Amino acid sequence: MTTSASRRRPFIAGNWKMYKGPAEADALAELLKRSLTGQAQVDVAVAPPFLSIPIVVARLRHSGVHVSGQNLHPEPAGAFTGEISGEMLRQAGVAYCIVGHSERRALFGDTDAVVEKKVQACFRAGLLPIVCVGETLEEREGGQAEVVVRRQLAAALGRLTADQLPSVTLAYEPVWAIGTGRVATPAQAQEMHATIREWLAERYPPFVPRGMRILYGGSVKASNAAGLLSQPDIDGALVGGAALVADEFLGIVAAATA
Ligand code: PEP
C-alpha cells in the first residue's frame, strides 16, 4: 500500500546523542532558530543530551522548532539513580521523546518489552514518541529484515489504540546505516517504509496508515536527503551526525520543503 506523502507534513528530527554540552548546544540552537523561525512547511525537532535541554528549550522558544528527549525511564519517579522520567522532560518543555533507538537497544539493554513500557510512559507524560525500528546487517543478510521490523512494531505499538497511533512517529533506522556513512538507497528505504505502512493497514483503520509519519534514519545528509524524501512513504528523517552541523541539518530541512 502506498499513500501519497503529500498528505503528511514532513518531519525532520535531529538526534544530538552525547554531543553538545550546554554552551555548544545553545550556540547550535541559536543558528537553527535564526534560519527556521517562521518556516511553516516542515515539523522540526532536536534531541539534545538531557543536561542541555533547558538551555535549548529556552533558546528555541517561539522559533517553532521542538525539543525531544533521547530516552526516558518507564516510571514517572522513583529510586532509579541516573535516570530521567517523561514527566521531568515534559516539565522542562520537551514535546517528543525518541524510544527504542538502536544504540539504546544494543548498548543499554532496551529490549522490545522495555521499548513498549517507554512508549506507554511517553503517553502518560504527554510526550509524543518517536519509535525507532530497524534490522542489523546480519539480520538483513539473513533475509530477516522484515521479520525483525514487524516484531519490533508489534511489541512497541501493541498496547496502543488506533486513536493513539497518530501521535506516534515511526523511524525506520537500519542499524547498518547508522553512523556508518552507508545510507540505504531510496528504493531500499521506500521498500521497508511501504512494508511498515502495510503492517499498519493490516491492523488498524485507514486513518492510521494514512496519517502516521515514518521517518528514515541512517547517514542522512544534505546531499542525499532529497532522494530519500522524494519517496512516497518516507515522511522525513531522523538525523544523527549531520544534525550536529547547522548547515547540514538546515540543508536536510530545505530538502524536505522542496
Ligand atoms: C541516528 O542515530 O538516529 C542516526 C540516524 O545517526 P546517523 O545519521 O549519524 O547515521
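Order of appearance sets the numbers: ligands from 1, and atoms from 1 within every ligand. Counting from 1, the numbers follow the sequence of the chain as shown. On a predicted model such as this, the values are computed, not experimentally measured, just so you know.
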> Taking only heavy atoms of Gly241, which atoms of ligand 1 are found under 4.0 Å from at least one of them?
Replying inline: 7 (P), 8 (O), 9 (O)

> Purely on distance, is any nitrogen or oxygen of Gly179 under 3.5 Å from one on ligand 1?
Replying inline: yes

>> Which heavy atom of Ile252 sits nearest to which heavy atom of Ala242, and what is that distance?
In response: CD1-CB, 4.0 Å

> What is the minimum heavy-atom distance between Ala156 and Val131, and which atoms define it?
Replying inline: CB-CG1, 3.7 Å

>> Suppose I only count heavy atoms of Asn15 and a 4.0 Å limit; which atoms of ligand 1 are within that range?
In response: 2 (O)

> Can you list the atoms of ligand 1 that are under 4.0 Å from a heavy atom of Gly218?
Replying inline: 5 (C), 10 (O)

> Which atoms of ligand 1 are found less than 4.0 Å from any heavy atom of Ile178?
Replying inline: 1 (C), 2 (O), 4 (C), 6 (O), 10 (O)

> Would you say Gln70's side chain and Lys17's backbone share a donor-acceptor pair under 3.5 angstrom?
Replying inline: yes

>> Side chain or backbone, does Gly240 bring an N or O within less than 3.5 Å of an N or O on ligand 1?
In response: yes

>> Quick check: is Leu165 connected to Phe123 through a chain of hydrophobic side chains (ILVMFWY, heavy atoms under 4.5 Å apart)?
In response: yes

> For Lys17, is at least one N or O under 3.5 Å away from an N or O on ligand 1?
Replying inline: yes

> What atoms of ligand 1 come within less than 4.0 Å of a heavy atom belonging to Ser219?
Replying inline: 7 (P), 8 (O), 10 (O)

> Would Leu200 end up clustered with Tyr172 when hydrophobic side chains under 4.5 Å apart are linked, directly or stepwise?
Replying inline: yes

> If two hydrophobic side chains count as joined below 4.5 Å and joins carry through other members, does Val56 share a cluster with Met88?
Replying inline: yes

>> Using a 3.5 Å cut-off on N or O atoms only, is Val239 in polar contact with ligand 1?
In response: no

>> Does only the side chain of Ala177 get under 4.0 Å from ligand 1, or the backbone, or both, or neither? Count heavy atoms.
In response: backbone

> Which protein heavy atom lies closest to atom 3 (O) of ligand 1, and at what distance to 0.1 Å?
Replying inline: Glu173 OE2, 2.7 Å

> Between His101 and ligand 1, does any nitrogen or oxygen pair lie at a separation below 3.5 Å?
Replying inline: yes

>> Set out, in order, the CA-CA distance, both residues' side-chain angles and the distance that settles salt bridge (charged side-chain N to carboxylate O under 4.0 Å, His left out) for Glu202 and Arg150, then state yes or no.
In response: CA-CA 12 Å; Glu202 284 159 15; Arg150 285 169 183 268; 3.8 Å; yes

> Between Asp112 and Arg105, does a salt bridge (charged side-chain N to carboxylate O under 4.0 Å, His left out) hold up when you go through it step by step?
Replying inline: CA-CA 8 Å; Asp112 283 341; Arg105 291 179 189 262; 2.9 Å; yes

